[in-house]
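Quick notes on the structure that follows.
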Amino acid sequence: VKEAVQNAIDGIRANADLSSGRIRVSYSSQDNRLLVDDNGAGMRPETATGELLDIGGTDKPAGSTGGFGLAKAVLFSHAHRLRIVTRARVGTRPPTVLQTVITGSGRDWLEGGLRWETDDDTSGPTGTRLEIAFDDEVPADAWGVRNYLGGLLDKHALPISFDFTVDGRPVEPAAGRRPVQHRATI
């Protein structure tokens, strides 16, 4: 979850207007399903179908954190069902929004068999939506996800709208900590 949220924050930073940034994270222990959705810059098709799908692949600049692929390997390899929809603005005159949809399972990812398609769209918002339904063998941990997200709300003093829910209930800051000021949607 941490790396998915950090990637969402990075995508919003790339858009340069943090005040309009939005990150939504939803976890259901009943379905053992994770959703991370943002309105950041999205991924260009070559990033979504290249670096994202390779262990250790990244398009982050040298010296930045992340990009080793360990969290990606854990998330993707345990996916019963995986779906990534990303929309990125490319070109300048006029800019075009390209949408890339990646679907499959953890086994598909491990065997290089994920499916993807890219469509042109001249309008619409940018951003990325990651949906993972985990295998039954992966234990559901609503408490752990709730605790992590609550701590994350305290950590990031960014003017980004965070909307975190676990099992349909909003996540609040970690116990004993004061709420952060940018949590308008929670």
Side-chain angles (χ1 to χ4, degrees), residues 1-28 32-79 82-89 100 102 106 109 114 125-134 138 141-166 170-174 177 179-186:
V1 174
K2 176 182 177 183
E3 286 75 11
V5 172
Q6 186 59 55
N7 286 342
I9 291 170
D10 292 345
I12 290 169
R13 282 186 172 136
N15 268 351
D17 183 11
L18 293 177
S19 64
S20 65
R22 176 196 46 77
I23 299 173
R24 183 170 55 111
V25 177
S26 176
Y27 175 74
S28 167
N32 207 8
R33 187 176 148 279
L34 174 69
L35 165 77
V36 180
D37 187 36
D38 70 70
N39 66 345
M43 288 180 275
R44 299 172 68 86
E46 60 272 15
T47 301
T49 60
E51 289 93 343
L52 174 67
L53 301 182
D54 292 335
I55 293 180
T58 185
D59 66 349
K60 293 182 179 182
S64 64
T65 60
F68 297 110
L70 299 177
K72 181 177 12 180
V74 170
L75 278 175
F76 287 7
S77 66
H78 291 291
L82 171 68
R83 185 166 201 259
I84 303 167
V85 178
T86 187
R87 294 170 52 87
R89 197 167 276 108
T100 303
I102 301 169
W109 177 72
L114 286 175
T126 59
T128 300
R129 178 182 181 98
L130 167 69
E131 299 175 52
I132 299 177
F134 293 102
V138 177
D141 184 12
W143 182 87
V145 173
R146 179 176 293 281
N147 190 45
Y148 168 73
L149 292 175
L152 187 68
L153 286 172
D154 292 330
K155 179 182 175 186
H156 287 285
L158 298 171
I160 295 173
S161 171
F162 290 98
D163 181 7
F164 295 161
T165 60
V166 173
V171 173
E172 297 299 330
R177 297 187 180 154
V180 290
Q181 296 177 355
H182 62 276
R183 296 182 329 103
T185 62
I186 292 183

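Thr128 contributes atom OG1, which lies 10.5 Å from atom CZ of Arg87 (distance to the nearest 0.5 angstrom). Annotation: the span from Met43 atom CE to Thr100 atom OG1 amounts to 8.0 Å, rounded to 0.5 Å. Rounded to the nearest 0.5 Å, atoms CZ (Arg44) and CD (Glu51) are 11.0 Å apart. Remark: Leu82 CG to Leu114 CG distance equals 6.0 Å, nearest 0.5 Å. Atoms CG and CG, on Asp10 and Asp38 in that order, are 10.0 Å from each other to the nearest 0.5 Å.
Without hydrogens or angle criteria, Ser77 side chain to Gly106 main chain gives no donor-acceptor distance under 3.5 Å. No donor-acceptor pair under 3.5 Å is formed between the side chain of Asn39 and the backbone N or O of Pro125.
Among residues two or more places apart in sequence or in another chain, the side-chain hydrogen bond (donor to acceptor under 3.5 Å, both in side chains) test is passed with Ser26 by Thr165. Residues passing the salt bridge (Lys or Arg N to Asp or Glu O under 4.0 Å) test with Arg129, sequence neighbours excluded: Asp37, Glu131.
Of the residues Val171, Leu35, Ile132, Val166, the one that meets the side chain to side chain contact (heavy atoms under 4.5 Å, CB included) test with Tyr27 is Val166.
Contact annotation: the side chain of Asp163 never approaches that of Arg22 to less than 4.5 Å [non-hydrogen atoms, C-beta and beyond]. Side-chain atoms of Val25 and Leu34, non-hydrogen and from C-beta on, do get closer than 4.5 Å to each other. You'll find the side chain of Ile23 reaches within 4.5 Å of the side chain of Phe164, heavy atoms only. Ile102 is not listed as a side-chain neighbour of Trp109, based on a closest heavy-atom distance of 4.5 Å or more.
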